[in-house]
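To start, the structure itself, in structure tokens.
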Number of protein chains: 2
Amino acid sequence: MVEQHRNTVSIRRIREACRTCSLNDLCLPVALDAPDVDALDRIVQRRRPLARGEVLFNTGDRFDAIYAVRTGALKSMTIKEDGEEQITTFHLPGELLGLDAISFREHPSTASALDTSSLCEIPFAELEDLAERIPGLNRQLLRIMSKEIFNDQEMLHAMARRSAEERLAILLLSLSHRFARRGLSATRFRLPMARHELSNYLGLAPETMSRLFRRFVENGWISVSGKELSLEDVDALRALTGSPSAIMQKDIGSEKHH
Amino acid sequence: MVEQHRNTVSIRRIREACRTCSLNDLCLPVALDAPDVDALDRIVQRRRPLARGEVLFNTGDRFDAIYAVRTGALKSMTIKEDGEEQITTFHLPGELLGLDAISFREHPSTASALDTSSLCEIPFAELEDLAERIPGLNRQLLRIMSKEIFNDQEMLHAMARRSAEERLAILLLSLSHRFARRGLSATRFRLPMARHELSNYLGLAPETMSRLFRRFVENGWISVSGKELSLEDVDALRALTGSPSAIMQKDIGSEKHH
DNA sequence: CGGAGTCTTGACCTCTATCAAGTTTTGTGG
DNA sequence: CCACAAAACTTGATAGAGGTCAAGACTCCG
């Protein structure tokens with residue numbers, strides 16, 4: 001009974017902590033105990049919000065924390081010597097930034113806000129210490145990173161030898177899925193990034209992106225008004241990707257317990 | 001003195017263990033203790049070698065171990081519904097396979113041998129248990145995964161909006177770097193994969209790959225005889241990539257201790 | 001209202017995929 | 001070790017997707 005009660009409390013506390021800081025990935029679905037969540041919660045720091053365009057960290061900056069997006073959105077990019085930027089990831093609410101910096105202790109990319117964004121900062125040294133004491137947290141960290149690897153490879157797969165149309169469809173569905181995961185609408189959302197950022201990410205010219213949007217609208221697959229996007233025919237988009245269900249459908253925690 | 005001695009022994013043991021199983025990534029450069037290395041060594045299992053073309057694991061297989069390549073080489077690929085395969089990674093000696101499977105407990109890709117290959121199998125459950133007891137190992141695991149994320153994003157960056165020439169140059173330099181890291185020549189090596197596998201990986205048609213090789217040879221950048229490759233003008237190749245030094249130059253362990 | 005940035009549209013041209021033969025290499029069984 | 005089939009690779013011709021250049025239309029703010 002006590003055990004039962006304790007469990008319930010634990011779960012409620014976890015959800016609460018997750019809500020306050022978009023830490024879903026980090027807390028769920030592992031069975032972190034209430035005290036564990038407290039401990040985790042204690043090292044997490046709220047930061048002042050970032051304004052649109054503001055930089056969170058620069059390439060080469062020392063790595064000492066990972067970040068969780070609470071609201072808004074960010075992009076990670078590398079800068080080629082010729083000054084061109086290449087966007088490598090978009091970070092939506094509930095997602096983590098900085099995982100690629102752990103091994104070199106230095107950020108290999110620059111992260112900036114696409115929009116006014118609030119974040120939580122998780123000092124990595126403390127997280128590591130905590131992970132040593134909480135096996136569940138440790139495992140969850142590994143899982144998150146594994147998922148990141150999986151996603152990147154999925155994206156790589158998605159880019160290679162695919163037409164511009166296919167790429168855009170894949171990206172739109174990925175965004176849809178990631179918003180839905182946060183409890184937002186899967187079919188109507190506001191694109192946090194500019195067209196040229198979409199095109200940059202997908203390795204296309206901005207002009208191509210513009211033509212693609214027109215074609216998608218003409219085909220009745222989407223409707224657009226500025227940055228407001230509505231997916232009108234998800235099936236058509238899925239058909240384009242060639243993978244009715246595979247892309248980005250899986251979630252951490254969706255696997256069965258054993 | 002005793003401490004000193006112990007330390008020396010420890011380092012020698014680590015190197016030894018690494019040599020036997022290509023576990024550099026996992027053991028170095030963290031200060032794993034001799035008993036720690038023993039423990040790690042104990043859970044590592046030698047497998048019978050894989051013949052060329054043989055499958056190590058299939059998409060959807062249950063995940064219960066990660067693997068280290070000792071000799072030979074493997075490829076990871078996903079299969080599209082239309083039956084086409086898309087290669088996502090090549091695995092050279094000293095590199096790890098299966099990290100993308102941790103979060104779903106199921107392999108998202110199929111791995112097969114490009115060549116006769118010998119591997120070490122590291123049961124993941126045991127590795128996790130061990131990592132809980134050995135903080136250094138745990139950190140090193142996180143680092144390796146972080147590096148994997150970094151590499152994938154680097155590759156993504158490399159693919160987006162780059163010409164076929166640039167892609168090939170990037171890949172050749174990456175292979176060169178990875179061989180050099182293992183103590184092999186950075187300029188003369190045997191490509192473990194077929195031309196069409198290279199082209200598949202880079203998202204190009206096999207014909208394009210063939211023409212690229214011819215052009216690279218004509219330009220005096222490389223020389224080729226079957227699968228034997230020699231980089232004749234590394235600077236020219238680097239110039240192509242647009243990043244004189246950034247790509248794949250960093251190594252786990254290159255960062256300073258603190 | 002104006003001006004900078006962003007997005008769209010059109011014309012053109014380059015790169016690379018595709019198709020279609022060849023040619024060489026590889027692997028296997030006699 | 002050779003012969004022969006099956007892959008793998010090369011080469012050429014052609015076409016199409018998408019990049020580039022150039023100009024014009026929105027849109028967002030101050």
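Sequence lines set the chain letters: A, B, ... in the order given, protein chains first and strands last, and positions in each chain run from 1. Fair warning: this is a prediction, and the values are worked out from it, not measured in the lab.
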Test side chain to side chain donor-acceptor pair (under 3.5 Å), reference A:Ser76, set A:Gln86, A:His91, A:His107, output is A:His91

**Request:** Compute whether any side-chain donor of one residue and acceptor of the other, for A:Glu228 and A:Ser230, lie under 3.5 angstrom apart.
**Result:** no

Taken to the nearest whole Å, NZ/A:Lys227 to P/C:dT8 is 12 Å

Expected string for nucleotides 10-24 of chain D under the B/S/- scheme (protein heavy atoms, under 4.0 Å, primed atoms plus P, OP1, OP2 as sugar-phosphate) is BBBB----SSBB---

Separation of C:dT25 atom P from B:Glu228 atom CD, nearest Å, is 14 Å

For B:Met193 and B:Lys227 the tightest heavy-atom approach is O-CE, 3.8 Å

Original post:
Is the closest side-chain donor-acceptor distance between B:Ser109 and B:Thr78 under 3.5 Å?
Top reply: no

B:Leu202 atom CG is separated from C:dA17 atom C1', nearest whole Å, by 15 Å

Separation of C:dT25 atom P from B:Met193 atom CE, nearest Å, is 20 Å

query = Looking at A:Glu85 and A:Lys75, does any basic side-chain N land under 4.0 Å from a carboxylate oxygen?
reply = yes

note: B:Asn200, atom CG; C:dT18, atom P; distance rounded to Å ~ 12 Å

Practice problem: Check the pair B:Leu202, B:Met155 against side chain to side chain contact (heavy atoms under 4.5 Å, CB included), reporting the backbone distance first and the verdict last. | Solution: CA-CA 10 Å; B:Leu202 293 179; B:Met155 196 61 214; 4.0 Å; yes

Per nearest nucleotide of DNA chain C, the residue lying toward the 5' end, B:Arg52 or A:His196, is A:His196

